[in-house]
2 protein chains.
Amino acid sequence: MLLINRDTDYAIRVIVYMFKMDEKTISARDISDRLDIPYPFIRKILQTLSKENILKTRRGRGGGFSLKKLPEDITTIQLVKIFQDDMDITHCIFKDNICPDIDSCILRKEVKSIEKFIKERLGNLTVEDLIRKQ
Amino acid sequence: MLLINRDTDYAIRVIVYMFKMDEKTISARDISDRLDIPYPFIRKILQTLSKENILKTRRGRGGGFSLKKLPEDITTIQLVKIFQDDMDITHCIFKDNICPDIDSCILRKEVKSIEKFIKERLGNLTVEDLIRKQ
DNA sequence: TATAATGATAGTTATTTAATATCATTTATC
DNA sequence: GATAAATGATATTAAATAACTATCATTATA
Ligand code: FES
Ligand code: FES
């Protein structure tokens with residue numbers, strides 16, 4: 001069980017890389033080569049990031065991706081929410097069914113409160129922090 | 001991604017149930033019927049709990065399981081560690097390989113610190129708490 | 001001795017995650 | 001205008017993990 005999955009991790013790496021390179025646009029092929037991430041995989045991540053308005057794209061020959069948001073305006077929790085289904089770690093044994101105990105379940109309340117803490121922590125951690133602290 | 005998985009959840013339910021019943025021994029068949037948990041599944045959980053010295057067993061006809069520890073001496077984190085591979089939520093993209101950045105990785109440090117928090121919280125939450133607060 | 005229980009362990013199925021593939025559309029360059 | 005190089009959209013396959021089941025040996029009671 002990982003808190004940060006591979007997609008989110010790659011997304012962070014890509015953003016950090018693009019910021020450091022400081023070029024106008026970088027193609028998916030480029031990123032795949034430089035960061036050693038499988039091409040179709042990074043494509044999907046880049047497409048998602050542009051749909052989410054974190055990257056902007058230029059199509060066609062010579063096109064590629066560039067940062068639309070500043071690293072200081074991108075928090076880790078944003079990326080986690082995009083790639084990890086809103087980070088729902090809430091415990092309930094009855095997954096899709098309605099749980100009879102859902103209002104009284106103490107364990108659930110505990111886990112909810114932990115989830116809140118995690119979201120606050122990752123909400124205060126921007127990609128810029130990750131770059132600066134390195 | 002769930003913080004508490006099904007095994008851990010069932011384990012908690014079983015301990016709570018056994019405490020409330022306050023009988024000498026209860027068989028796996030009994031628990032399966034009463035709590036509506038698949039028989040082979042609950043068997044495995046009970047066996048694990050007895051190996052971990054949380055339950056004691058009596059084999060043979062009329063045998064079964066009984067609590068060895070008091071609910072106040074069983075913490076949620078103990079159960080999580082037993083059933084969820086020590087709850088290692090630490091982020092590292094290079095799973096089994098050695099990660100070159102493992103000492104400097106800021107994200108990893110963040111996740112480690114979150115993990116520490118979770119373990120403390122669940123370490124202070126005993127099964128007795130779960131019973132009492134209900 | 002038959003029965004009802006756990007001990008130990010192997011095996012199967014379902015679900016989720018990771019990774020790949022395909023084809024249409026766009027744009028710069030020759 | 002033709003070609004090449006890029007993304008958009010979406011479908012498919014493969015690997016890993018989690019959930020669940022099955023089997024047979026051993027033990028103890030009636
Ligand atoms: S088991 Fe459903 S909310 Fe706790
Ligand atoms: S990527 Fe390996 S420790 Fe962060």
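In what follows, every chain begins at residue 1, and chains take the letters A, B, ... in the order their sequences are listed. Quick caveat, the model's predicted, so the values are computed rather than measured.
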Gap between atoms [atom1] and [atom2], on [X] and [N] respectively (whole Å):
| X | N | atom1 | atom2 | value |
| --- | --- | --- | --- | --- |
| B:Leu46 | C:dA8 | CG | C1' | 15 Å |
| A:Lys56 | C:dT26 | NZ | C1' | 19 Å |
| B:Asp9 | D:dA19 | CG | P | 11 Å |
| B:Ile37 | D:dT21 | CD1 | P | 12 Å |
| A:Leu3 | C:dT17 | CG | P | 14 Å |
| B:Phe83 | D:dC20 | CZ | P | 14 Å |
| B:Ile31 | C:dT6 | CD1 | P | 8 Å |
| A:Ile42 | D:dA6 | CD1 | P | 16 Å |

From D:dA9, C:dA8, C:dA19, nucleotide with atom closest to B:Gln47 side chain: C:dA8
Nucleotide of D:dT3, D:dC20, C:dT9 approaching A:Arg61 most closely (side-chain heavy atoms):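 Out of D:dT3, D:dC20, C:dT9, the nucleotide with an atom closest to A:Arg61's side chain is D:dT3.
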Pairwise side chain to side chain donor-acceptor pair (under 3.5 Å) hits with a residue in residues 25-52 of chain B, at least two apart: B:Tyr17-B:Arg34
Sugar-phosphate only, base, or nothing, as touched by B:Gly60 at under 4.0 Å among non-hydrogen atoms: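 Here B:Gly60 touches the bases of the nucleic acid.
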Sugar-phosphate only, base, or nothing, as touched by B:Tyr39 at under 4.0 Å among non-hydrogen atoms: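 Base, at least one base atom sits under 4.0 Å.
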B:Lys20: partners by side-chain hydrogen bond (donor to acceptor under 3.5 Å, both in side chains), with sequence neighbours left out: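 Counting only residues at least two positions away or on another chain, B:Lys20 forms a side-chain hydrogen bond (donor to acceptor under 3.5 Å, both in side chains) with B:Gln134.
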Whichever of A:Arg58 and A:Asp7 has its nearest DNA chain C nucleotide further upstream toward 5': A:Asp7
Nearest heavy-atom neighbours spanning [X] and [Y]:
| X | Y | answer |
| --- | --- | --- |
| A:Ile42 | A:Ala28 | CG2-O, 3.9 Å |
| B:Asn5 | B:Phe83 | ND2-O, 3.7 Å |
| B:Leu35 | B:Arg13 | CD1-O, 4.0 Å |

Qualifying residues under ring pair (Phe, Tyr, Trp, His ring centres under 6.0 Å), relative to A:Phe41, sequence neighbours excluded: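 If we apply the ring pair (Phe, Tyr, Trp, His ring centres under 6.0 Å) test to A:Phe41, skipping adjacent residues, the hits are A:Tyr10.
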For nucleotides 22-26 of chain D, list the nitrogen or oxygen atoms of the protein found under 3.5 Å from its nitrogen or oxygen atoms, one pair per line.
unit_1 : atom_1 : unit_2  : atom_2 : d
D:dT26 : O2     : B:Arg59 : NH2    : 2.8

Given B:Ile31, B:Asp9, B:Ile26, the one that forms side-chain contact (heavy atoms from CB on, under 4.5 Å) with B:Val14: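 Exactly one candidate clears the test, B:Ile31.
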When the side chains of residues 120-130 of chain B are checked against the rest of the protein, which donor-acceptor pairs come out under 3.5 Å, sequence neighbours left out?
unit_1   : atom_1 : unit_2   : atom_2 : d
B:Arg121 : NH1    : A:Ser113 : OG     : 3.3
B:Arg121 : NH2    : A:Glu110 : OE1    : 3.3
B:Arg121 : NH2    : A:Ser113 : OG     : 2.5
B:Asn124 : ND2    : B:Glu120 : O      : 3.3
B:Thr126 : OG1    : B:Glu128 : N      : 3.3
B:Thr126 : OG1    : B:Asp129 : N      : 3.1
B:Thr126 : OG1    : B:Asp129 : OD2    : 3.3
B:Asp129 : OD1    : B:Arg132 : NH2    : 2.7
B:Asp129 : OD2    : B:Thr126 : N      : 3.0

A:Thr90 and A:Lys112: side chain donor to acceptor below 3.5 Å: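 Result is yes, a qualifying pair exists.
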A:Thr57 side-chain N/O to D:dG8 phosphate OP1/OP2 under 4.0 Å: yes
Any residue of residues 20-29 of chain A with a heavy atom less than 4.0 Å from an atom of DNA chain D: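 Of all residues in residues 20-29 of chain A, the ones placing a heavy atom under 4.0 Å from DNA chain D are A:Ser27, A:Ala28.
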